[in-house]
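Below: the structure, in structure tokens.
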Amino acid sequence: MADTYSQIYIHIIFAVQGRENAIQSDWKERLYQYISKIVISKKQKIYAINGIENHIHILLSLNTDCNLSVIVRDIKANSSRWINENKFIRGKFNWQKGFGAFSLGRSQLDRIIAYIGNQEEHHRKKTFREEYIEFLKAYGIEFDTKYLFIDDFAK
């Protein structure tokens, strides 16, 4: 083929270190805008971003020249630095190590965009841990709960 064409949709989920309730409503929209700029600067397209105090969801599409781990690393490193520079919290802000990334097809976009947009309502009924385990099971990802949230055991 003379050219490369693709459409790769990825739903990314990651949490605040220790799943602390550190993301506050008075600055979370600014955080989402900042993360959106990071994604766009990497020449990727962002479809949705939202979360609650202890984690966020991002729906984006990846170009074939983009490495998923690199873009998540850049999002987490730059956004945590931005939060700390702006002194939005006492102490040091960090994202938890690792992330979840789930592929989806075009026919699932509207449903996942709505799901991400409805995080506050969704988490009135379900914890982040419950939600994350459901995603892993729905995608058939094998995991050991002993290692799922390592920082649970560091406390």
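Just so it is clear, the values below take in all heavy atoms, side chains as well, and ignore hydrogens, waters and symmetry mates. What you are looking at is a predicted structure, and each value in this text was computed from that prediction instead of being measured.
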* Does Gly117 offer a backbone N or O that forms a donor-acceptor pair with the side chain of Gln119 under 3.5 Å? -> no

* **Heavy-atom pair with the smallest gap, counting every atom of Lys45 and Val39** => C-CG1, 4.3 Å

* Asked: Distance-only, no hydrogens or angles: does the Asn84 side chain make a donor-acceptor pair with backbone N or O of Lys92 under 3.5 Å?
  -> no

* Asked: Stepwise, does the side chain to side chain contact (heavy atoms under 4.5 Å, CB included) test hold for Gln17 with Trp95?
  -> CA-CA 5 Å; Gln17 188 173 35; Trp95 295 109; over 6 Å; no

* Find out whether His122 and Tyr115 are in side-chain contact, i.e. whether some heavy atom of one side chain is under 4.5 Å from a heavy atom of the other. => yes

* To do: Could you tell me whether Asp110 atom CG has more than 12 heavy atoms of other residues or ligands within 6.0 Å of it?
  => no

* Could you check Arg129, Gln96, His123 and say which one makes a side chain to side chain donor-acceptor pair (under 3.5 Å) with His55? => His123

* Asked: Is any side-chain heavy atom of Asp26 closer than 4.5 Å to a side-chain heavy atom of Phe88?
  -> no

* Taking Asn118 for the side chain and Ala114 for the main chain, is one N or O donor matched with an acceptor at less than 3.5 Å? -> no

* To do: Determine whether Asn86 and Arg30 make a side-chain contact, defined as any pair of heavy atoms from C-beta on separated by less than 4.5 Å.
  => yes

* Treating Ile, Leu, Val, Met, Phe, Trp and Tyr as nodes and any side-chain heavy-atom pair under 4.5 angstrom as an edge, say whether Ile52 and Ile83 lie in one connected cluster. => no

* Asked: So Ile12 and Val72, side chain to side chain contact (heavy atoms under 4.5 Å, CB included) or not? Walk me through it.
  -> CA-CA 8 Å; Ile12 301 166; Val72 174; 3.9 Å; yes

* To do: Take Phe143 and Ile133, measure what side chain to side chain contact (heavy atoms under 4.5 Å, CB included) needs, and give me the verdict at the end.
  => CA-CA 9 Å; Phe143 63 94; Ile133 289 172; 3.7 Å; yes

* Centroid separation Phe135 to Phe102 less than 6.0 Å -> yes

* Could you state the interatomic distance from CD1 (Ile116) to CD1 (Ile112), rounded to the nearest 0.5 Å? -> 6.5 Å

* Backbone of Val70 reached by a side-chain donor or acceptor of Asn67 within 3.5 Å -> yes

* Asked: Does the side chain of Glu130 come within less than 4.5 Å of Tyr132's, by heavy atoms?
  -> no

* **Non-hydrogen atoms of Ile38 and Ser79 that approach each other most closely** => CD1-N, 4.2 Å

* Asked: Can a salt bridge be assigned to the pair Lys28 and Glu120 using a cut-off of 4.0 Å between side-chain N and carboxylate O?
  -> yes

* Please round to the nearest 0.5 Å and tell me the distance separating atom CD1 of Ile113 and atom CG of Leu59. => 5.5 Å

* Is the backbone N or O of Leu62 less than 3.5 Å from a side-chain atom of Lys43, with the two atoms forming a donor-acceptor pair by type? -> no

* Kindly indicate whether the side chain of Leu31, heavy atoms from C-beta on, has any atom under 4.5 Å from the side chain of Trp82. => yes

* Asked: Is a side-chain N or O of Tyr34 found less than 3.5 angstrom from the main chain of Glu29, in a donor-acceptor match?
  -> no

* **Leu60 side, atom CG; Cys66 side, atom SG - distance, nearest 0.5 Å** => 8.0 Å

* Report yes or no: does Gln24 contribute a side-chain atom to a donor-acceptor pair with the main-chain N or O of Asn21 at less than 3.5 Å? => yes

* **Single-linkage hydrophobic cluster Ile23~Phe99, side-chain heavy atoms < 4.5 angstrom** => yes

* Side-chain contact, heavy-atom cut-off 4.5 Å: Ile56 with Asn50? -> no

* Asked: So do His57 and Phe14 actually touch side chain to side chain, heavy atoms under 4.5 Å?
  -> no

* Rounded to the nearest 0.5 Å, what's the gap from OG on Ser6 to CG on Asp65? Could you check? => 9.0 Å

* Main-chain N/O of Gly105 paired with Gln108 side-chain donor or acceptor, under 3.5 Å -> yes

* To do: Calculate, to the nearest 0.5 Å, the distance between atoms CD1 and CD1 belonging to Ile35 and Ile40 respectively.
  => 12.0 Å

* **Flag side-chain contact, heavy atom, 4.5 Å: Ile8 against Ser61** => no

* **Arg81 vs Asn78, side chain to side chain donor-acceptor pair (under 3.5 Å): CA-CA, chis, key distance, verdict** => CA-CA 5 Å; Arg81 184 178 63 247; Asn78 289 307; 2.6 Å; yes

* CG on Asn54 to OG1 on Thr127, rounded to 0.5 Å -> 8.5 Å

* Asked: For Phe128 and Ala15, which heavy atoms make the closest approach, and how far apart are they?
  -> CE2-CB, 3.7 Å

* To do: Identify whether the distance between the nearest side-chain nitrogen and carboxylate oxygen of Arg124 and Glu121 falls below 4.0 Å.
  => yes

